[in-house]
Number of protein chains: 2
Amino acid sequence: MKTLKISEAVVRRLPVYLRHLIELKQREVLTVSSQDLGQKLDLNPAQIRKDLAYFGDFGRKGIGYDVSYLIQQIRHILKLDQIINVGLVGAGKLGHALCNYTVYLKDNMKIVAVFDAMESKIGTDINNLKVQPMSEMITTVRNQHIRIGIITVPAAEAQYVAEQFVEAGVEAILNFAPVILKVPSHVRVHTADFTTDLFSLAYYLTDQGKEVPVQ
Amino acid sequence: MKTLKISEAVVRRLPVYLRHLIELKQREVLTVSSQDLGQKLDLNPAQIRKDLAYFGDFGRKGIGYDVSYLIQQIRHILKLDQIINVGLVGAGKLGHALCNYTVYLKDNMKIVAVFDAMESKIGTDINNLKVQPMSEMITTVRNQHIRIGIITVPAAEAQYVAEQFVEAGVEAILNFAPVILKVPSHVRVHTADFTTDLFSLAYYLTDQGKEVPVQ
DNA sequence: TAGATTGTTAATCGATTAACAATC
DNA sequence: TAGATTGTTAATCGATTAACAATC
């Protein structure tokens with residue numbers, strides 16, 4: 001077991017492992033090898049073993065990993081054994097969609113407050129939460145002990161919202177707006193911008209030359 | 001100019017460059033240096049120059065890059081100078097949110113058909129498109145020349161939908177469901193699963209030890 | 001011209017994979 | 001015991017960054 005700083009690539013794979021392990025547990029699989037996991041998750045077994053070994057000796061030689069035990073360990077590593085309150089700014093369609101996800105709950109994550117700048121949205125009900133005005137954001141974040149902020153506002157407003165989140169004391173931000181946010185280094189930002197994904201996909205299309213617009 | 005295969009990391013940065021360049025153009029900035037870009041996008045200037053140099057000599061020594069010209073070039077590289085039709089399966093909240101995005105349009109991408117397996121959804125109107133039953137998917141994909149498929153169905157159904165997309169002849173898939181899809185290697189898949197982002201964010205929270213549930 | 005900035009090579013850094021002794 | 005599979009070291013591979021000649 002090392003105490004080196006763990007690379008982001010490793011951390012990003014942990015939720016993927018966790019997700020699959022939970023599925024295995026539901027299917028009452030007791031034990032799994034890095035080989036099996038690798039096959040299912042399209043990853044190199046050595047990589048999986050190495051990833052896990054950063055955090056402890058979770059496996060048994062000749063046997064593999066105990067599914068329940070590994071779930072428990074990964075949830076602990078990811079801090080999903082604490083309750084983590086999440087706030088969301090941007091009560092549009094996407095924000096609405098995220099609020100309705102129930103996955104969080106099982107993992108002790110919960111969107112506990114929703115904010116929006118638009119008058120027309122305020123007071124609206126989303127998943128049993130009343131949309132609050134931005135003016136209440138900082139107070140609510142502090143009172144409700146919100147530690148992660150989700151941003152689902154248009155690009156132009158995202159930086160402002162991020163700054164409000166930072167001021168309120170949020171520790172991490174998940175940003176869906178297509179902008180690079182500037183925040184102090186103690187706040188972690190992940191960008192979940194699907195336009196980037198979609199546009200980069202286009203690169204891999206075969207060149208058909210068809211229907212080239214005038215431009 | 002090299003003809004080596006370009007790494008995915010490079011391709012994924014291209015849309016980020018493009019996005020920012022478009023913003024610069026709107027602000028009537030004529031020229032930009034890798035230095036400037038790097039600052040705005042939190043990237044190393046050398047990396048930006050190297051990325052672009054894979055595709056051609058787009059810059060001018062001592063001057064930088066012509067904004068309009070670079071936009072044009074990147075759009076060409078990403079094949080965004082062709083019309084690219086997109087199909088979406090899963091007319092839930094998330095699917096709905098994606099359909100309403102207008103970003104695509106400017107870049108010649110357009111969601112032209114929406115499908116769902118649920119009876120209650122079929123015939124519904126989403127962004128001026130009638131939701132079609134899955135049984136029509138393969139025909140519609142072929143007739144409308146749909147080249148990219150977006151999957152916004154629950155995890156359990158995602159693999160099936162992917163297979164239908166592949167059979168219909170889609171070249172690439174953007175998957176929002178939290179599963180690793182198995183598809184033939186000629187089909188490109190990007191996973192845009194935000195639960196992975198969110199859970200990996202939790203790792204970076206400070207350990208507070210507070211409120212640990214019984215579990 | 002002097003200053004700026006590219007394109008590119010070389011150096012560095014980091015991440016993935018292979019291999020294997022340890023051991024269940 | 002024999003077969004399986006871990007944890008870990010060493011080898012490989014790839015991506016990022018620094019440095020600088022070329023040149024606008």
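Naming: A, B, ... by sequence-line order, numbering from 1 per chain.
Which of D:dT6, D:dA18, C:dT6 sits closest to the side chain of A:Y65 comes down to D:dT6. You'll find that the side chain of A:S7 is closest to C:dA15, out of C:dA15, C:dC24, D:dT6. The nucleotide whose nearest atom lies closest to any side-chain atom of B:Q47 is, among C:dG7, D:dG7, D:dT16, D:dT16. When distances are taken from the side chain of A:K50 to each of C:dC24, C:dG7, D:dT8, the shortest belongs to D:dT8. In this structure, of D:dT6, C:dT6, D:dG7, it is C:dT6 that holds the atom nearest to the side chain of B:S33. Taking every side-chain heavy atom of B:A9 into account, D:dT16 is the closest of C:dA15, D:dT5, D:dT16.
At whole-Å resolution of the value, CZ in A:F55 and P in D:dG7 are 13 Å apart. What separates CD1 of A:I48 from P of C:dA15 is a distance of 17 Å, to the nearest Å. Atom CZ of B:F58 and atom C1' of C:dT5 are 17 Å apart (whole Å). Between the P atom of D:dG3 and the CD atom of A:Q35 lies a distance of 17 Å, rounded to the nearest Å. Atoms CD (A:E8) and P (C:dC13) sit 20 Å apart, rounded to a whole Å. Rounded to whole angstrom, the span from the OH atom of B:Y17 across to the P atom of C:dT6 amounts to 12 Å. Distance CG (A:D51) to P (C:dT17): 11 Å, rounded to an integer number of Å. Straight-line distance from the CD1 atom of A:I63 to the C1' atom of C:dT23: 10 Å, rounded to whole Å.
Using a 3.5 Å distance cut-off with no hydrogens or angles, the side chains of B:T195 and B:D193 do pair a donor with an acceptor.
Comparing A:N44 and A:G62 by the nucleotide of DNA chain C whose heavy atom lies nearest to each, the residue mapping closer to the 5' end is A:N44.
Across all strands shown, the partner of D:dA21 is C:dT6, judged by Watson-Crick or G-U wobble contacts whose two distances both fall under 3.5 Å. C:dT12: Watson-Crick or G-U partner is D:dA15, with both key distances under 3.5 Å.
Rounding to the nearest 0.5 angstrom, the gap separating the NZ atom in B:K182 from the CD atom in B:E163 is 12.0 Å.
The environment of A:E8 atom CD is dense: over 12 non-hydrogen atoms of other residues, nucleotides or ligands sit within 6.0 angstrom.
One finds a salt bridge joining B:R27 and B:E23 here, because a Lys/Arg side-chain nitrogen approaches an Asp/Glu carboxylate oxygen to under 4.0 Å.
Across all strands shown, A:R49 has heavy atoms under 4.0 Å from base atoms, whether or not it also approaches the sugar-phosphate.
For D:dT6, the OP1/OP2 oxygens have a side-chain nitrogen or oxygen of A:S34 closer than 4.0 Å.
Applying the salt bridge (charged side-chain N to carboxylate O under 4.0 Å, His left out) rule to A:K61 yields no partners; only residues at least two apart in sequence or on another chain are considered.
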